[in-house]
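Notes to accompany the following structure.
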Amino acid sequence: MTEKLQAIRGMHDTLPDDAIKWQLLEQTIKSTLQSYCYREIRTPILEKTELFSRSIGEATDIVNKEMYTFPDRNGDFLTLRPEGTAGCVRALLQHGLINAGPQRVWYHGPMFRHERPQKGRLRQFHQAGAEAFGIQSAEIDAEMILMCARIWNKLGIKDVQLQLNSLGSYASRQKYRGILVDYLSAHKDQLDEDSINRLTTNPLRILDSKNPEMQALLQSAPPLLDSIDSESADHFATLRALLNSNGLDYEINPRLVRGLDYYNRTVFEWTTDKLGAQGTLCAGGRYDDLVEQVGGKATPGVGFAMGLERILEMTGFSNAELGLNSPQIYQVLVGDAALDNGIKLAERLRDKMPTLRILMHCGGGSFRSQFKKADKSQADYALILGEEEVAKNTVNIKPLRKDAEQYEIHQDDLLDEITNLLQPIQGQTGL
RNA sequence: GUGAGUGUAGCUCAGCGGUAGAGCGCCGGAUUGUGGUUCCGGUGGUCGUGGGUUCGAUCCCCAUCACUCACCCCA
């Protein structure tokens, strides 16, 4: 007997009941970002491995042990993208848009990381993100954060906190790296195994260790914010002032360090305690050196990425919204003449009402059995066509979700009637 | 990559060393062309997979795959 095929570990199917939620979520994000005049960009899921190792950083866990990398038929090494920023930068650079003035773009789609799956962490997961290139000043950092806040608002997500930090310039970060390594080396006997390894590879990451002993040790470490350069400090102050004047709550977290090497200056993270160990809903920051690293001329950048699976866990949708997955009208068709009449009638309705969701009953059966299916379909109305109606060129309309009588109208009046009936029902705008 | 837990019908789960059950769902029916409630009947699983122990395994052991949670990592 052949083995049952199943999806790859950590890669999930999205079935229709869930897919509608994804559509609603994606629609909300898309409309919000577009209201800030961010334009969508789509890049390939597969890139040369080098793009990621150069941008994300050789010393990061993502590049070291989490990428899906394999040789192409010609020997090139390819990688399934673990994040979206690198591909955006590559594409904008390749097509000359980086030098064509400031660019605001957004993307969404699947990302891949070979990690042990758990709640809020899959091997194929989905992110939506925004990036802005060519803008140095802190207004754009503030805009990024405000966009996120607006998305939480639209989705009805309440339990999120904004954490903020500044890493300073590349140079000041290098300087602080030295200071931190000196401090930690002096206390090497107190470091855990992870931290000892990171001392040489990526010492800043020790700052956000979850180990309480490490956190205690770091209490008295020289603070990162004390060593950042004055320009970065000014930039950070401007950002904070803008957030304050827009009434946004945030917490300065001096230990906030991102796992990707390309960040400098502003870093931020939206977190929740409702999701267990994977509480980061969205994270981002500034990456002023990234474009240069990937081979362009120095161009500042800021961006964020949000984890859509995690956001979906935080979101509830109304019955009206979820109802977009079920028909508005169920066509009850009994007899060959009714079938022929009904299919043509439905096509004419769709010509005039492109968003109408009308489900044609297939496979015959008694009125009784067809009504049972109409009910189960969650449709609002049954549109009934039997031999009698066909002969008279009429249809019967039966409301299924409210206490009202069935009535008969001429087929010529059907379009107007349906327009009236469905007007009050929300969700007519297509997704 | 490390640790722990789980895997029985489409779903939620019960069960037992002698080859399985409930509820829900699904299909059909309760005389003429009408759903939701009710009643009746039916469909449904080689007990995740492979091996071992045993006269015999869904149950015990090992391996493997998947899921869940935590570490880790990060969105």
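All chains are named by letter (A, B, ...) in the order of the sequence lines, taking the proteins before the strands, and each is independently numbered beginning at 1.
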Task: Minimal non-hydrogen separation, A:I29 against A:M306, with atom names - done: CD1-SD, 4.1 Å
TODO: Could you tell me whether A:E388 contacts a base, only the sugar-phosphate backbone, or nothing, with contacts defined as non-hydrogen atoms closer than 4.0 Å?
DONE: base
Task: Whole angstrom value for the distance that separates P of B:rC67 from CG of A:D13 - done: 11 Å
TODO: Round to the nearest Å and state the distance from A:D261 atom CG to B:rC74 atom C1'.
DONE: 14 Å
Task: Heavy-atom closest pair, residues A:W152 and A:I311 - done: CZ3-CD1, 3.6 Å
- [ ] Measure from the side-chain heavy atoms of A:P117 and tell me the nearest of B:rA30, B:rA75, B:rU68.
- [x] B:rU68
Open item on the list: Looking at A:R116, I'd like to know whether one of its side-chain N or O atoms comes within less than 4.0 Å of OP1 or OP2 on B:rC72.
Closed with: no
Task: Touch class at under 4.0 angstrom, heavy-atom based, for A:R113 against every strand present - done: base
- [ ] State, to 0.1 Å, how close A:Q278 and A:R121 come at their nearest heavy-atom pair, and which atoms those are.
- [x] NE2-NH1, 4.0 Å
Open item on the list: Can you measure A:F304 atom CZ to B:rC74 atom P for me and round it to whole angstrom units?
Closed with: 20 Å
Open item on the list: Can a donor-acceptor pair be found, under 3.5 Å and without considering hydrogens, that links the side chain of A:D288 to the backbone of A:G301?
Closed with: yes
Task: Selection from B:rC74, B:rU34, B:rC26 that lies nearest to any side-chain heavy atom of A:K376 - done: B:rC26
Open item on the list: Below the 4.0 Å mark, does B:rC69 have OP1 or OP2 next to a side-chain nitrogen or oxygen of A:R121?
Closed with: no
Open item on the list: Taking atom types as they are modelled, would you say the side chain of A:D375 forms a donor-acceptor pair with the base of B:rG35 within the 3.5 Å cutoff?
Closed with: yes
Open item on the list: Please give me the minimum heavy-atom distance between A:E389 and A:N396, naming the atom from each residue.
Closed with: OE2-ND2, 2.8 Å
Task: Base B:rU34 to side chain A:Q370, donor-acceptor N/O within 3.5 Å cut-off - done: no
TODO: Report the nucleotide, chosen from B:rA30, B:rU34, B:rA75, that has the shortest atom-to-atom distance to any side-chain atom of A:Q127.
DONE: B:rA75
TODO: Could you please name the option among B:rA70, B:rG28, B:rU34 that lies closest to any side-chain atom of A:A277?
DONE: B:rA70
- [ ] Answer yes when A:R104 and A:E143 have at least one side-chain N-carboxylate O distance shorter than 4.0 Å, and no when they do not.
- [x] yes
- [ ] For A:G10, report the nucleic acid contact type (base, sugar-phosphate, nothing); a contact means any heavy atom under 4.0 Å.
- [x] sugar-phosphate
- [ ] Kindly indicate, with the supporting measurements, whether the criterion side chain to side chain donor-acceptor pair (under 3.5 Å) is fulfilled by A:E131 and A:T85.
- [x] CA-CA 7 Å; A:E131 320 280 2; A:T85 303; 2.7 Å; yes
TODO: Would you mind classifying the nucleic acid contact of A:L281 as base, sugar-phosphate or nothing, using non-hydrogen atoms under 4.0 angstrom?
DONE: sugar-phosphate
Open item on the list: For a quick test of reading the model: is some side-chain N or O of A:K210 closer than 4.0 Å to OP1 or OP2 of B:rC74?
Closed with: no
Task: No-H, no-angle donor-acceptor pair, A:E389 side chain to B:rG33 base, under 3.5 Å - done: yes
Open item on the list: Can you tell me if A:R9 touches the phosphate of B:rC67, counting only side-chain N or O atoms and a distance under 4.0 Å to OP1 or OP2?
Closed with: yes
Open item on the list: Distance criterion of 3.5 Å, no angle test: do you see the side chain of A:R310 paired donor-to-acceptor with the base of B:rC74?
Closed with: yes
- [ ] Select from A:N211 and A:K402 the residue whose nearest nucleotide in RNA chain B is closer to the 5' end of that strand.
- [x] A:K402
Open item on the list: Would you say the base of B:rG33 stacks on A:F367 (centre-to-centre below 5.5 Å, plane angle below 30°)?
Closed with: yes
- [ ] Please state whether the phosphate of B:rU68, meaning OP1 or OP2, lies under 4.0 angstrom from any side-chain nitrogen or oxygen of A:Q118.
- [x] no
Task: Among B:rA75, B:rG33, B:rC74, the one nearest A:I384 by side-chain distance - done: B:rG33
Open item on the list: Please report the distance, rounded to the nearest Å, between CE in A:M67 and P in B:rC74.
Closed with: 14 Å
Task: Nearest-nucleotide comparison on RNA chain B, the residue closer to the 5′ end among A:Y263 and A:L275 - done: A:L275
Open item on the list: Output the rounded distance in Å from CD (A:Q6) to C1' (B:rU64).
Closed with: 11 Å
Open item on the list: Once pairs are restricted to Watson-Crick or G-U wobble with both distances under 3.5 Å, how does RNA chain B read as a dot-bracket string, [ ] for crossings and | for other-strand pairs?
Closed with: (((((((..((((.......)))).(((((.......))))).....(((((.......))))))))))))....
Open item on the list: Should the side chain of A:K372 and the base of B:rG36 be counted as holding a donor-acceptor pair, with the cut-off at 3.5 Å?
Closed with: no
Task: Set of salt bridge (Lys or Arg N to Asp or Glu O under 4.0 Å) partners for A:K344, sequence neighbours left out - done: A:D340
TODO: Would you kindly give the CD1-to-C1' distance between A:I397 and B:rU34, to the nearest whole Å?
DONE: 15 Å
Open item on the list: Using whole Å, what does the distance between atom C1' of nucleotide B:rC72 and atom CG of A:D192 come to?
Closed with: 11 Å
TODO: Could you note down all residue pairs passing salt bridge (Lys or Arg N to Asp or Glu O under 4.0 Å) where residues 405-416 of chain A supplies at least one of them, sequence neighbours left out?
DONE: A:K392-A:E408
TODO: Can you tell me the distance, in whole Å, between the CD atom of A:E313 and the P atom of B:rU68?
DONE: 10 Å
Open item on the list: With a cut-off of less than 4.0 Å, is there a side-chain N or O of A:K119 near OP1 or OP2 of B:rA70?
Closed with: no
